[in-house]
Amino acid sequence: MKVKNKKSRVNSNSPIGIFDSGFGGLTVFKAIRKLMPRENIIYFGDTARVPYGTKSADSVVSFSAQISEYLVSKKIKILVVACNTSSALALDELRRSIKVPVIGVIEPSVNAVCSDDRNKKILILATSSTIKSRAYSKQLRKKNKKLLIYEKACPLFVPVIEEGCAGKNFAKQIVKEYLLPLKKKKFDAIILGCTHYPVLKKVIKGVMGKKIRVINSSAQAAAAVYEKLSDLELLNKSKKGHERFIVSDDPQKFTALAGELLNIRIKNLKIKRF
Ligand code: DGL
């Protein structure tokens with residue numbers, strides 16, 4: 001995989017590039033916007049090829065590379081891989097191939113889990129491809145060998161959420177089907193290892209118990225972006241940042257899901273087809 005534009009010049013005014021397979025990565029966009037209101041941001045949602053979570057590693061790496069190349073051509077100063085599946089399967093390859101710093105969403109969650117001593121038994125929920133990659137468990141074990149880690153792919157969560165059915169009774173039934181058999185293990189924390197899963201957070205807590213700590217990486221990923229830009233002296237000093245959104249298909253659905261599920265009003269939206 002080759003990503004061009006290695007020598008693109010950037011400065012503090014250059015945008016932060018964020019991508020996801022669809023609208024879910026907007027949770028990371030929101031956290032970045034909150035923490036860094038002065039930054040310019042370009043968000044890319046690959047709505048033509050979502051979901052990534054059921055695709056092969058080769059496909060996910062190739063889609064991720066294509067989008068990264070496109071964003072680098074827009075002179076981004078840092079790339080945020082907001083998609084967990086891309087972070088699990090393509091991050092190393094992207095870090096090798098492009099010159100701008102690359103932040104994924106797995107490391108921030110792993111750090112959040114490991115920074116709390118009370119977290120001994122961990123449940124990771126993610127797409128089939130992320131679970132198959134073992135990216136979360138490998139990184140967690142590297143940091144703390146004593147952790148007891150369980151992983152569960154929940155492939156029906158994304159379609160249920162994308163169809164706007166997270167509040168329906170059958171969504172709760174699906175959550176129960178996946179998680180009830182695991183409840184007796186008494187986990188200390190659950191990692192929501194997929195962009196979409198925070199939408200089901202209440203239902204998941206309802207099934208697993210209110211006391212369980214639920215970790216999703218948006219805020220931690222935003223903090224990692226801040227830290228990196230600060231180290232590089234690339235934080236923007238302008239008054240107010242602007243944002244642009246790009247999708248590869250179906251802008252109406254993207255705008256509707258962003259509004260209904262994440263309360264984000266999308267302006268400046270365009271389509272880029274590959
Ligand atoms: N963005 C994906 C992830 O975080 C979820 C949706 C998909 O399968 O593409 O893994």
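Whatever order the structure lists ligands and atoms in, that order sets their numbers, starting from 1.
When only interatomic distances are considered, the shortest N/O to N/O separation between T195 and ligand 1 falls below 3.5 Å. Backbone and side-chain nitrogen or oxygen atoms of S21 are examined, and one is located within less than 3.5 angstrom of a nitrogen or oxygen of ligand 1. Considering backbone and side-chain N/O atoms, T54 never comes within less than 3.5 Å of an N/O atom of ligand 1.
Grouping the Ile, Leu, Val, Met, Phe, Trp and Tyr side chains by contacts below 4.5 angstrom, directly or via other members, places I190 with V175.
S56 and D58 share no donor-acceptor pair across their side chains, judged by distance under 3.5 Å alone.
Side chain of K120 to backbone of D117: a donor-acceptor contact under 3.5 angstrom is found. No side-chain donor-acceptor contact under 3.5 Å links K74 to the backbone of I42. Between the N40 side chain and the H242 main chain, a donor and an acceptor come within less than 3.5 Å of each other. Checked by atom type and distance alone, the side chain of R95 pairs as donor or acceptor with a backbone atom of V102 at under 3.5 Å. Checking side-chain atoms of S217 against main-chain N and O of V105 turns up a donor-acceptor pair under 3.5 Å.
Taking every heavy atom of V50 and a limit of under 4.0 angstrom, the matching atoms of ligand 1 come to 9 (O). Near P51, meaning under 4.0 Å from one of its heavy atoms, ligand 1 places the atoms 7 (C), 8 (O), 9 (O). Residue contact check: Y52 has heavy atoms under 4.0 Å from atoms 7 (C), 8 (O), 9 (O) of ligand 1.
Using a 4.0 Å cut-off between heavy atoms, D20 contacts ligand 1 through its side chain alone, with no backbone atom that close. Using a 4.0 Å cut-off between heavy atoms, T127 contacts ligand 1 through its side chain alone, with no backbone atom that close.
Considering only non-hydrogen protein atoms, atom 5 (C) of ligand 1 sits nearest to C194 SG, 3.4 Å. Looking from atom 8 (O) of ligand 1 to the surrounding protein, the closest heavy atom is G53 N, 2.8 Å. Taking atom 10 (O) of ligand 1 as the reference point, the nearest protein heavy-atom neighbour is T85 OG1, 2.6 Å.
With ring centers used as reference points, Y52 lies 6.0 Å or more from F19.
Ligand 1 lies nowhere less than 4.0 angstrom from a heavy atom belonging to G22.
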